[in-house]
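Step one of this worksheet: look at the structure below.
Bear in mind that the values here come from a model prediction, so they are computed numbers and not experimental data. A note on names: the letters A, B, ... follow the listed sequences, proteins ahead of strands, and every chain is numbered from 1.
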Protein chains: 2
Amino acid sequence: MKQSRPAPTLQDVAVYAGVSTATVSRCMNTPAKVTAKTRTRVEDAIETLGYAPNFGARAMAAQRTMTIGAVIPTMENAVFAKGLQAFQDELRQYGFTMLVACSSYRPKLEAEQIRALVGRGADGILLIGHERDPAIYRFLDAQKVPTLVTWAFDDTAPRPSVGFDNRKAMAKLAQHVTKLDHRHLAMITAPVATNDRAAARLAAVGDVMDAEGLVRADLFVVETPYSIDNGAAALDLILQQRPETTVVICGNDVLAVGALRQARGMGLSVPDDLSITGFDDIDLAVVTHPLLTTVHVPHRQMGRAAAQMLADMVLTGAPATKVELATTVKLRDTLGYPRQSQAAR
Amino acid sequence: MKQSRPAPTLQDVAVYAGVSTATVSRCMNTPAKVTAKTRTRVEDAIETLGYAPNFGARAMAAQRTMTIGAVIPTMENAVFAKGLQAFQDELRQYGFTMLVACSSYRPKLEAEQIRALVGRGADGILLIGHERDPAIYRFLDAQKVPTLVTWAFDDTAPRPSVGFDNRKAMAKLAQHVTKLDHRHLAMITAPVATNDRAAARLAAVGDVMDAEGLVRADLFVVETPYSIDNGAAALDLILQQRPETTVVICGNDVLAVGALRQARGMGLSVPDDLSITGFDDIDLAVVTHPLLTTVHVPHRQMGRAAAQMLADMVLTGAPATKVELATTVKLRDTLGYPRQSQAAR
DNA sequence: AAGATAAATGTAATGGCTTACATTTAAGAT
DNA sequence: ATCTTAAATGTAAGCCATTACATTTATCTT
């Protein structure tokens with residue numbers, strides 16, 4: 001068991017190299033302050049002893065960890081994976097290391113993980129979406145850990161954030177839909193209770209319906225967790241309950257792809273018999289047939305921008321700001337005119 | 001800056017609650033040993049002060065972190081994301097926390113990250129693939145950190161591992177290919193230099209060619225990094241250089257999907273004009289048209305099994321073992337007879 | 001009600017590293 | 001050669017939670 005582990009310490013290295021612990025420490029942190037000769041001697045000692053600095057001790061002594069924590073809902077969602085990869089790559093430029101935790105969309109778990117990350121000495125925290133128990137924000141404030149919210153942009157929220165306005169973005173797409181004269185809309189969305197991005201996208205569709213003289217309450221909504229199969233099942237349900245539906249707006253590409261598969265499996269032609277739209281513009285969207293109409297989100301850019309901002313906040317105590325990134329509607333091949341009004345073409 | 005951070009300590013909590021630090025510590029670690037009354041008092045203090053235990057100090061004092069480190073090539077690859085998610089979920093059952101780092105297929109970076117993870121007190125390490133600088137294994141041994149290799153299985157390797165035999169798995173698929181009478185094969189693979197899984201898959205195709213009386217050296221190979229676009233470009237190159245090619249075996253699904261897109265974009269019918277196969281069986285594979293013939297890898301199962309094994313190794317010092325998981329060839333719609341011999345159908 | 005025993009709590013040493021400050025060594029000036 | 005001054009190195013205090021051991025308090029016997 002671990003107890004028996006006699007890992008070499010700074011002390012051991014110092015003795016082996018015949019210098020003081022301070023010198024060894026300097027070799028690792030401020031090499032310029034050490035003679036080349038002693039440095040090589042120390043480096044050799046480190047190598048032969050197989051020494052690795054004890055991070056806990058270092059964090060405690062230095063009061064700084066050069067670590068940023070990120071809590072995302074899940075790694076399985078390609079959008080987070082992509083954004084996070086960019087975030088990490090950029091962070092490395094600043095000398096930071098990233099720690100990830102996944103909350104599986106469970107608020108309790110998220111709170112726990114935030115605490116764990118802070119306890120681990122994270123110098124800054126990256127969070128997805130604004131909405132969470134105020135106690136968490138209070139905690140973060142008490143700990144004075146700079147926190148950045150991403151994947152969402154909300155002018156009214158008090159926190160710094162780098163993201164896009166989910167409501168605006170989805171509204172843009174929904175406008176395209178209504179402009180094509182669709183009157184019977186349905187939506188497949190991720191569960192909105194613990195996901196403010198999903199909720200915003202759903203609300204956006206309602207907004208547009210209102211504006212276009214449709215009845216918001218007429219929108220048929222199916223909530224289901226993120227997966228291709230669930231998207232397919234949801235479409236099935238929609239067609240059963242509301243066969244008059246002409247367009248299915250999906251809260252994300254994965255659900256849309258599932259819906260698309262199901263529609264085609266049922267012998268429907270997309271978009272001639274039924275239109276389907278997605279959101280995120282992940283790789284999936286450009287390999288389906290027909291190509292998915294969706295909303296492009298600049299995941300990479302978002303990750304990179306978030307890294308720069310958070311690094312700044314931590315390093316220079318930079319003031320909190322809000323950055324809004326633009327999304328673009330990608331009109332591809334799954335959105336067309338509703339079948340009733342095809343003559344209007 | 002961080003320096004000014006007066007985060008509450010155990011001491012602060014103890015004072016606030018009017019007890020000793022030991023009692024506070026016990027409240028958190030062995031609540032049964034504390035009176036309900038004092039416990040609530042302490043918990044209140046923790047809540048109001050916004051206290052979070054300092055992980056570094058805890059690790060140092062307890063000599064154990066309940067943390068497992070994982071180093072994967074990249075999060076952007078869905079297979080790792082999926083496996084890792086399962087790994088993490090299972091790990092939580094045992095009370096462990098997972099730390100992830102991404103090496104971007106750069107051996108130097110991987111070594112660095114392994115060191116960092118060990119320094120962070122990881123009680124165990126999960127690695128992808130066997131092949132790496134022996135110095136790393138020596139280091140891990142010196143530190144006595146249980147290490148598990150996954151995503152690969154190799155009887156001859158001395159380390160414990162949970163995975164599948166990439167060579168065998170690809171050979172099974174290649175046999176299906178040759179059985180269909182393809183004689184002009186090409187392969188699109190990830191760069192093999194720092195990726196033993198990719199190398200094994202490539203080697204497997206050669207093995208089968210040899211066994212079938214083909215000339216291994218005739219296999220036209222294109223190495224390119226993981227991305228849909230790269231897969232597309234590679235197909236283009238193949239068709240330019242070896243127009244007689246009848247089947248393109250891809251090292252993974254992402255490359256295959258790119259190749260598929262390109263083939264169809266060039267007006268080729270798949271599989272009538274050209275066969276294409278993938279590897280991994282990720283979501284992408286079942287949304288393309290036609291459906292991708294590929295090798296199914298039990299990512300989730302692998303993640304779960306790895307978690308159990310590694311947790312055991314850490315907790316009970318369980319002896320190192322090797323577990324081989326089975327893969328299955330998914331014959332879907334992108335593999336058919338070569339065009340020359342269509343008459344043979 | 002006294003004594004024995006168990007439960008609850010407290011005391012203080014410990015772990016590995018960084019860094020302010022003290023000291024030694026080397027380089028440069030005359 | 002001698003004295004300044006700067007560079008290199010050393011000394012030792014502190015960061016914070018855990019836990020063995022000591023002490024106090026509560027519970028149970030008889």
List every contact pair, protein side and nucleotides 25-28 of chain D side both N or O, where the distance is under 3.5 Å.
none

Distance in angstrom units between [X] [atom1] and [N] [atom2], rounded:
{"X": "A:Asp12", "N": "C:dC17", "atom1": "CG", "atom2": "C1'", "value": "13 Å"}
{"X": "B:Met60", "N": "D:dT19", "atom1": "CE", "atom2": "C1'", "value": "14 Å"}
{"X": "A:Leu10", "N": "C:dT14", "atom1": "CG", "atom2": "C1'", "value": "17 Å"}
{"X": "A:Lys33", "N": "D:dG10", "atom1": "NZ", "atom2": "C1'", "value": "14 Å"}
{"X": "A:Arg41", "N": "D:dA8", "atom1": "CZ", "atom2": "C1'", "value": "12 Å"}
{"X": "B:Lys37", "N": "C:dA8", "atom1": "NZ", "atom2": "C1'", "value": "11 Å"}
{"X": "B:Leu49", "N": "D:dC16", "atom1": "CG", "atom2": "C1'", "value": "15 Å"}
{"X": "A:Gln11", "N": "C:dG15", "atom1": "CD", "atom2": "P", "value": "11 Å"}

task = Could you tell me whether B:Glu76 and A:Arg300 make a salt bridge, using a distance below 4.0 angstrom between a side-chain N and a carboxylate O?
result =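 Counted as a salt bridge, because a side-chain N and a carboxylate O are separated by less than 4.0 Å.
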query = Less than 4.0 Å between a side-chain N and a carboxylate O, is that true for A:Asp141 and A:Arg138?
reply =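 Answer for the salt bridge query: no.
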Between [X] and [Y], a side-chain donor and acceptor under 3.5 Å:
{"X": "A:Arg159", "Y": "A:Tyr137", "answer": "no"}
{"X": "B:Thr40", "Y": "B:Asp44", "answer": "no"}
{"X": "A:Tyr226", "Y": "A:Asn77", "answer": "yes"}

message = Does D:dA7 have OP1 or OP2 under 4.0 Å away from a side-chain N or O of A:Thr35?
response =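 Answer no for this pair, as no side-chain N or O of A:Thr35 is under 4.0 Å from OP1 or OP2.
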ask   = When you check the phosphate oxygens OP1 and OP2 of C:dG16, does a side-chain N or O of A:Arg58 lie under 4.0 Å from one of them?
value =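 No, A:Arg58 has no side-chain N/O under 4.0 Å of OP1/OP2 on C:dG16.
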ask   = With a cut-off of under 6.0 Å to the ring centre and 45° to the axis, is B:Arg304 in cation-pi contact with B:Phe87?
value =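 Judged by the rule (NZ or CZ under 6.0 Å from the ring centre, within 45° of its axis), B:Arg304 is not positioned above B:Phe87.
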query = What nucleic acid atoms does A:Phe55 come within less than 4.0 Å of, heavy atoms only: base, sugar-phosphate, or nothing?
reply =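 Answer is nothing: A:Phe55 stays at 4.0 Å or more from every strand.
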task = Under 4.0 Å between any heavy atoms, over every strand shown, what does A:Val24 touch: base, sugar-phosphate, or nothing? Just pick one.
result =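 The answer is nothing, as A:Val24 stays clear of every strand by at least 4.0 Å.
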query = Taking it one step at a time, do A:Val100 and A:Leu84 satisfy side-chain contact (heavy atoms from CB on, under 4.5 Å)?
reply = CA-CA 9 Å; A:Val100 211; A:Leu84 221 56; 3.3 Å; yes
request  = Take the angle between the ring planes of A:Trp151 and A:Phe80 and call it parallel below 30°, perpendicular above 60°, tilted in between.
outcome  = tilted
task = Count the heavy atoms of every other residue, nucleotide or ligand shown that sit under 6.0 Å from CD of A:Glu324, and state whether that count exceeds 12.
result =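 Atom CD in A:Glu324 is packed in, count exceeds 12.
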Where do N or O atoms of nucleotides 19-27 of chain C meet protein N or O atoms at under 3.5 Å, pair by pair?
none

request  = Select one nucleotide: of C:dG16, D:dC16, C:dT9, the one nearest the side-chain heavy atoms of B:Thr9.
outcome  =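 Of all the options, the side chain of B:Thr9 is nearest to D:dC16.
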